[in-house]
Amino acid sequence: MSWIKVSMQAAGIDPEVVLAWAAELDFDAFEQEGSTLNAYVPADRFDEAAFGRLASEFPFGENLRWTASLLEDKNWNETWEKQYEPVRIDQRVTIRAPFHPAAPEGDIALEIEPKMSFGTGHHPTTTLMIRMMLRESFIGKTILDLGCGSGVLGILAARLGAVEVTGIDIDVWAVENTRENCERNGITCMRVEQGDARAIGERQFDFVLANINRNILVKEMPVMANAMHPNALLMMSGFLNQDLPVIREAAAASGLHFIYTETDNEWAAITFKKP
């Protein structure tokens, strides 16, 4: 498969802000290289003219500067793996790949094969979600991991004592990656399905986990609220601090009560409860 690499910069704007904007577009993976954000997409899915129009409307200050280049055909998963280092969160959870050394004794060790999926723990939004999860009890609970990516959050929920986990993702590669990572971690209580939020149907859960992006979270807030049992918790990330008022307004409109937030520089995560 041929890939397009789009390199983006905006003077005076943190690359993570550019990432928050680009994450809502049709890219498959990202990497940060100094002040440049590189985004990757299969060549047959990239419309250069359409992206140029979006870049000209970049909402944070001056127009985005960008270049697009066709990459040589190579094993990008292998390249990514070579750059992927273990992540340790709050000295309690270690996220590692199969080729990494063992986790520190006593840690909850999650073995995640990257496969270009989101959810290796490197991005602040994943770390924020895990920190919120570590504050709660998952023993005997049912979990929805919406937009499961690599499956890291659902797998952690299972390791924390959840009895039933449902992962849903719109992308086939994410569904396959999550299933592989469940098998790798010996997780048998997690079922993975392809689809968007409509795939939930009328099912309800004790926890809903969603690390996606602001627009999707706001759009699907009523669906997620409907998927919660009374007293269930909704944990969300994938957005910036400046988006918190919009997120809180959408949650309140769906009858959810604000509990607390976690932040890491520009990024934020938030927990709500269904009364």
Side-chain angles (χ1 to χ4, degrees), residues 24 93 118-119 125-171 174-175 178 182 187-241 243-263 267-275:
E24 300 177 12
V93 174
F118 291 102
T125 59
T126 307
T127 300
L128 289 170
M129 288 291 291
I130 290 174
R131 285 180 176 155
M132 290 195 303
M133 292 175 67
L134 293 175
R135 293 175 59 166
E136 308 295 338
S137 173
F138 283 76
I139 297 173
K141 304 298 185 179
T142 59
I143 315 298
L144 170 64
D145 183 359
L146 185 61
C148 56
S150 69
V152 63
L153 299 180
I155 291 169
L156 175 59
R159 294 292 301 276
L160 291 173
V163 294
E164 180 181 310
V165 183
T166 299
I168 297 176
D169 202 292
I170 197 168
D171 291 305
V175 171
T178 295
C182 283
I187 301 301
T188 60
C189 66
M190 184 170 182
R191 183 174 68 177
V192 191
E193 306 169 10
Q194 184 186 359
D196 59 15
R198 301 303 178 274
I200 301 170
E202 295 303 315
R203 289 176 287 182
Q204 291 188 318
F205 305 85
D206 299 315
F207 283 86
V208 175
L209 312 173
N211 183 14
I212 312 177
N213 66 61
R214 188 197 73 170
N215 289 350
I216 293 178
L217 293 173
V218 170
K219 176 185 175 183
E220 304 298 356
M221 193 74 70
V223 178
M224 292 188 291
N226 187 62
M228 300 167 67
H229 288 304
N231 297 315
L233 294 182
L234 169 61
M235 297 180 168
M236 299 185 298
S237 192
F239 52 88
L240 299 168
N241 285 321
D243 298 321
L244 282 168
V246 175
I247 296 290
R248 291 187 62 170
E249 181 180 355
S254 293
L256 302 178
H257 292 177
F258 167 74
I259 304 298
Y260 60 89
T261 62
E262 293 271 356
T263 61
W267 296 97
I270 196 164
T271 295
F272 295 97
K273 187 174 185 178
K274 183 172 183 176

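We count residues from 1, following the sequence as given.
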- Query: Is there a side chain to side chain contact (heavy atoms under 4.5 Å, CB included) between Phe205 and Thr142 once you walk through the steps?
  - Reply: CA-CA 5 Å; Phe205 305 85; Thr142 59; 4.0 Å; yes
- Item | Residue pair Leu153, Cys148: steps toward the side chain to side chain contact (heavy atoms under 4.5 Å, CB included) verdict | CA-CA 7 Å; Leu153 299 180; Cys148 56; over 6 Å; no
- Audit row: Ile270, Tyr260, side chain to side chain contact (heavy atoms under 4.5 Å, CB included) steps and yes/no: CA-CA 6 Å; Ile270 196 164; Tyr260 60 89; over 6 Å; no
- Task: Apply side chain to side chain contact (heavy atoms under 4.5 Å, CB included) to Thr126 and Ile130, showing your working.
- Result: CA-CA 6 Å; Thr126 307; Ile130 290 174; 4.2 Å; yes
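Annotation: the span from Leu244 atom CG to Thr263 atom OG1 amounts to 8.5 Å, rounded to 0.5 Å. The CG atom of Asn241 lies 8.0 Å from the OG1 atom of Thr261; values are rounded to the nearest 0.5 Å. Met132 contributes atom CE, which lies 4.0 Å from atom OG1 of Thr271 (distance to the nearest 0.5 angstrom). Interatomic distance, CD1 of Ile212 versus CG of Leu146, reported as 4.0 Å (0.5 Å rounding). In this structure, the separation between CG on Leu134 and CG on Leu156 is 6.0 Å, given to the nearest 0.5 Å. With values rounded to the nearest 0.5 angstrom, Leu209 atom CG is found 11.0 Å from Thr166 atom OG1.
With respect to Glu136 and Lys141, no salt bridge is recorded, no charged nitrogen being found less than 4.0 Å from a carboxylate O.
A donor-acceptor pair under 3.5 Å links the side-chain atoms of Asp169 to the main chain of Gly149, judged by distance alone.
Listed by chain and number, the residues in a side chain to side chain contact (heavy atoms under 4.5 Å, CB included) with Glu249 amount to none (sequence neighbours excluded).
Residues Asn211 and Gly238 approach most closely at OD1-N, 3.3 Å, considering heavy atoms. Heavy atoms only, all atoms of each residue included: Ile200 and Ala227 are closest at CG2-CB, 3.7 Å. Residues Leu128 and Ala269 come closest through the heavy atom pair CB-CB, 3.7 Å. Here the shortest heavy-atom pairing between Ala162 and Ile143 reads CB-CG1, 3.5 Å. The nearest pair of heavy atoms linking Gly154 to Asp145 is N-OD2, 3.0 Å.
Ring geometry, Phe138 versus Phe207: the interplanar angle falls under 30°, so the pair is classed parallel (tilted spans 30 to 60°).
In this structure, Met190 and Thr178 have side chains that are in contact, with non-hydrogen atoms separated by less than 4.5 Å.
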For a quick test of your reading: what N or O donor-acceptor pairs under 3.5 Å do the side chains of residues 214-225 make, sequence neighbours left out?
unit_1: Arg214; atom_1: NH1; unit_2: Asp243; atom_2: OD1; d: 3.3
unit_1: Asn215; atom_1: ND2; unit_2: Glu24; atom_2: OE1; d: 2.6
unit_1: Glu220; atom_1: OE1; unit_2: Arg198; atom_2: NH1; d: 2.6
unit_1: Glu220; atom_1: OE2; unit_2: Arg198; atom_2: NH1; d: 3.3

Enumerate donor-acceptor pairs with a distance under 3.5 Å from any side-chain N or O in residues 228-237 to protein atoms, sequence neighbours excluded.
unit_1: His229; atom_1: NE2; unit_2: Gln204; atom_2: O; d: 3.3
unit_1: Ser237; atom_1: OG; unit_2: Ala268; atom_2: O; d: 2.8

